[in-house]
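Numbered from 1 within each chain, the chains take letters A, B, ... in sequence-line order.
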Amino acid sequence: MRNRVRYSLLALGLVGSTATFADCKDLDVKGAWSRATAPVVNVGAVYFDLTNTTSQAVTLIGGSTPVSDTVELHRREMKNGMMGMRHMHAVKVAAGQKLEFQPGKYHVMLIGLKHPLKAEQVFPLSLQCADGSQRKIEVLVHKIMQ
Amino acid sequence: MRLNHKPILFLIILILMLGIAAWRAGLNLLPVTPPKIYGMTFSEPKTLAPFVLQSAGGRAFTQKDLHGHWSFIYFGYTHCPDACPITMLQFKQLQETLRKTMPKQRLAFIMVTVDPERDTPKLMQAYVNHFATSFHGLSGDSMEIKAFAKQLFVGYQRGEDNTAIGYTMYHSDSIAVINPDGQFAAVFASPHKAKNMAQDFLKVAAYQQQRDQSLFYR
Ligand SMILES: [Cu+2]
């Protein structure tokens, strides 16, 4: 309801972008998935497409999930022609910006898996923003993906 | 004065017959050029220096284990949730594709850890088993792995330790292709796509066959 009021106001041009308050829970997150993991590994990765449909920048700082001890935001990067991943303590998403949490780009890193992730399993993941707000999503575990 | 043409004629016929015989035997008299692939095919395959890695069950894995079949070798580590599973899944698809197109070809799919500190041979085998039990997971002495990787143009180094996994690893993402003589024949560059790799492998194998049959290299 609050959203609808805000959008109507926006449509009427009654509120500027600075007047609205960006909340992590308003982030558009689509197609969250993860891979089934080998029983011997204790790490996993979560992927999705994230769009900041709010009118202000948000800053993601991490997350939490019941399936692992720790959740970190990681980015794939190249260094001296070698590939690696970097722990990002803060990922800023500008208003209207789309950020791909997909293989080769960003991923949400699950560390200290309590059980291996099994195909068809769905688990909750909460993305944490710097202002304390959260975006709760459901992650579907795929058997085989690219 | 009459010229005797007989010896010259005899020589021409002899050369022609030898040429036809060589051609019929599938031998090539000319040099062959390496195919263009997504990566690189060496015009001359590189013989590998001896090495000793470790496979599960306390068995050594040496250069001798690369003889008699083609091998695909990838370097990664088990604390890698992104690039390494992707390559293993591409390996699996490549294996399935080549089993159909080249059912008689014997192939080995190998993953060597760049993180022997955490990845034991047993852990590596359990890791690759998740993708295909026919895959080989290898670890070993860190100096041996480093030297072996270097021979295959693969580099790696430890990354930051500001993560809950302890530390990350940076590593080359290429795949080394080893011919049945145990020689380094080609490199597949990343990103790896099974479909491309299957096509490229056919080219690399065909080039090897042409080379083997060419008198130019004898
Ligand atoms: Cu990661």
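- Interatomic distance, CG of B:N162 versus NE2 of A:H89, reported as 4.0 Å (0.5 Å rounding).
- Nearest heavy-atom pair across B:I86 and A:P103 is CD1-CB, 3.4 Å.
- Atoms CE and CG, from A:M85 and B:D82 in turn, are 8.0 Å apart once rounded to the nearest 0.5 Å.
- Heavy atoms of other residues, nucleotides or ligands lying less than 6.0 angstrom from NZ of A:K79 number more than 12.
- In terms of modelled atom types and a separation under 3.5 Å, the side chain of A:R35 and the main chain of B:P81 share a donor-acceptor contact.
- The shortest heavy-atom contact between B:A126 and A:V40 is CB-CG1, 3.5 Å.
- For A:D69, no part sits under 4.5 Å from any heavy atom of chain B, backbone or side chain.
- The neighbour count for B:K122 NZ, taken as heavy atoms of other residues, nucleotides or ligands under 6.0 Å away, does not exceed 12.
- Heavy-atom neighbours of B:M143 CE from other residues, nucleotides or ligands within 6.0 Å: at or below the threshold of 12.
- When side chains are defined from C-beta on, A:H87 does not count as touching B:E160, because their heavy atoms never get closer than 4.5 Å.
- Of all the listed residues (A:A36, A:P116, A:A38, A:P39), the one sharing the greatest number of non-hydrogen pairs under 4.5 Å with chain B is A:A38.
- A 4.5 Å side-chain heavy-atom check between A:V43 and B:I165 finds at least one atom pair inside the cut-off.
- The local environment of CD in A:E138 is crowded, with over 12 non-hydrogen atoms from other residues, nucleotides or ligands closer than 6.0 Å.
- Counting heavy-atom pairs under 4.5 Å between each of B:A164, B:P191, B:S190, B:A194 and chain A puts B:A164 at the top.
- With rounding to the nearest 0.5 angstrom, the OH atom of B:Y127 is 10.0 Å from the OG1 atom of A:T37.
- Proximity to chain A (any heavy atom under 4.5 Å) is restricted, for B:Y77, to the side chain, taken from C-beta onward.
- No more than 12 heavy-atom neighbours from other residues, nucleotides or ligands sit within 6.0 angstrom of NZ on B:K150.
- Considering every non-hydrogen atom in both B:S172 and A:M82, the closest pair reads N-CG, 3.8 Å.
- Atom NZ of B:K195 has 12 or fewer heavy atoms from other residues, nucleotides or ligands within 6.0 Å.
- At a 4.5 Å heavy-atom cutoff, the contact between B:T163 and chain A is made by backbone and side-chain atoms alike.
- Of all residues in residues 92-99 of chain A, none places a non-hydrogen atom less than 4.5 angstrom from a non-hydrogen atom of chain B.
- In terms of heavy atoms, B:H79 sits closest to A:M109 at O-CE, 3.8 Å.
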